[in-house]
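Contents: one structure, followed by commentary.
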Amino acid sequence: MDLTLGPTGSPGKPASDITDADAKEMCCTDGVMPVISQIKVSLCYSRELLAKDNGKWTPWLKFMKLKLTMSGLYKYVFDPPDVPHKQFKPRVYLNWQLNNRLALSFLMLELSKSERNLANDSVDVKTLWEYLQMQHGGAGLVQQVHLLQEALTTKCSPSEPITKQST
């Protein structure tokens with residue numbers, strides 16, 4: 001006889017005797033065995049905060065990836081799971097929301113106050129991360145300002161070729 005598990009994990013009815021009401025009740029077992037478990041973080045960041053004007057994106061990024069991995073939040077930042085259906089999987093949805101907020105808070109605490117103010121509109125951690133990459137990585141506005149500052153503070157000598165002075 002093929003038995004199914006009831007909503008509490010105990011043996012239920014034979015598979016052939018399951019009614020629509022039983023199937024609906026079993027669909028709501030995500031409270032007992034959620035697909036997404038809630039993450040708890042006990043790590044604190046111990047390095048310099050990311051700021052618009054400190055030019056420390058690369059070292060901050062490397063260290064932040066390590067911290068996110070150790071905290072269990074890496075996946076929520078770089079490859080977040082799909083948002084579960086709120087009505088059919090309420091517990092999974094709640095855990096997803098809590099984990100997303102936790103990851104968002106974890107990142108926000110590692111930003112300077114001015115950077116946090118600019119990123120304050122982020123509703124999920126992936127949006128915040130994309131904003132930070134756009135602003136600090138590659139050809140972002142912050143990166144361009146740093147290049148301009150470096151160019152304006154570079155001293156040139158008329159007796160030396162520019163190519164030798166830039167190294």
Side-chain angles (χ1 to χ4, degrees), residues 28-167:
C28 296
T29 61
D30 73 309
V32 179
M33 299 177 290
V35 176
I36 296 176
S37 58
Q38 185 177 354
I39 298 172
K40 298 193 185 310
V41 175
S42 61
L43 299 171
C44 294
Y45 192 71
S46 57
R47 292 238 162 147
E48 188 174 353
L49 300 178
L50 181 65
K52 293 183 310 217
D53 52 359
N54 70 3
K56 306 263 174 135
W57 169 252
T58 303
W60 182 89
L61 174 65
K62 288 179 183 177
F63 197 75
M64 182 53 68
K65 284 183 176 181
L66 293 173
K67 294 293 282 190
L68 288 166
T69 300
M70 291 175 61
S71 68
L73 296 170
Y74 186 92
K75 184 166 181 64
Y76 273 83
V77 176
F78 296 103
D79 185 26
D82 293 333
V83 180
H85 196 280
K86 186 176 182 177
Q87 183 180 1
F88 296 122
K89 297 203 176 271
R91 184 64 185 167
V92 175
Y93 177 78
L94 176 65
N95 285 349
W96 187 93
Q97 289 284 9
L98 292 171
N99 292 343
N100 181 65
R101 281 192 220 126
L102 180 66
L104 184 63
S105 299
F106 191 82
L107 279 179
M108 290 291 266
L109 288 173
E110 311 317 324
L111 303 176
S112 67
K113 185 177 180 181
S114 61
E115 194 71 43
R116 262 194 315 271
N117 289 340
L118 291 173
N120 205 19
D121 293 337
S122 299
V123 292
D124 66 52
V125 71
K126 185 161 177 97
T127 304
L128 173 61
W129 190 258
E130 288 169 353
Y131 165 79
L132 292 173
Q133 282 185 309
M134 182 179 66
Q135 292 301 312
H136 293 275
L141 181 62
V142 174
Q143 189 66 21
Q144 290 175 16
V145 169
H146 286 294
L147 288 172
L148 283 172
Q149 287 175 336
E150 185 181 328
L152 292 173
T153 58
T154 302
K155 298 190 187 231
C156 296
S157 169
S159 62
E160 264 187 79
I162 293 177
T163 55
K164 288 187 178 181
Q165 293 176 19
S166 63
T167 57

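Contact detail for Trp60 and Glu48: the closest heavy-atom pair is CD1-O, 3.6 Å. In terms of heavy atoms, Glu115 sits closest to Leu50 at CB-O, 3.9 Å. The two residues Leu107 and Leu128 have their closest heavy-atom pair at CB-CD2, 3.7 Å.
Taking CG from Leu61 and CD from Gln133, the interatomic distance works out to 7.5 Å, rounded to the nearest 0.5 Å. Met64 CE to Leu73 CG: the interatomic distance, rounded to the nearest 0.5 Å, is 10.0 Å. We find the NZ-CG distance between Lys75 and Leu68 to be 13.5 Å, quoted to the nearest 0.5 Å. Put simply, CG on Leu109 and CZ on Arg116 are 6.5 Å apart, with the number rounded to the nearest 0.5 Å. To the nearest 0.5 Å, atoms CG (Asn117) and CE (Met108) are separated by 8.0 Å.
Take Phe78 and apply the ring-ring contact (aromatic ring centres under 6.0 Å, His included) test, not counting sequence neighbours, and it matches Tyr74, Trp129. For the side-chain hydrogen bond (donor to acceptor under 3.5 Å, both in side chains) test, no residue two or more places apart in sequence or in another chain qualifies with Lys65. With sequence neighbours excluded, the residues that form a side-chain hydrogen bond (donor to acceptor under 3.5 Å, both in side chains) with Ser112 are Ser114.
Leu98 is not listed as a side-chain neighbour of Leu102, based on a closest heavy-atom distance of 4.5 Å or more. Looking only at side-chain heavy atoms (C-beta outward), Lys62 and Leu66 stay at 4.5 Å or farther from each other. With contacts defined as side-chain heavy-atom distances shorter than 4.5 Å, the pair Leu132/Leu111 qualifies.
The aromatic rings of Tyr76 and Trp96 sit tilted relative to each other, their planes meeting at an angle between 30° and 60°.
Between the side chain of Asn100 and the backbone N or O of Val125 there is at least one donor-acceptor pair closer than 3.5 Å.
Residue Lys86 qualifies as open at atom NZ: its count of foreign heavy atoms under 6.0 Å is 12 or below.
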After noting the C-alpha distance and the side-chain angles of Gln135 and Trp57, does the key distance pass the side chain to side chain contact (heavy atoms under 4.5 Å, CB included) rule?
-> CA-CA 10 Å; Gln135 292 301 312; Trp57 169 252; over 6 Å; no

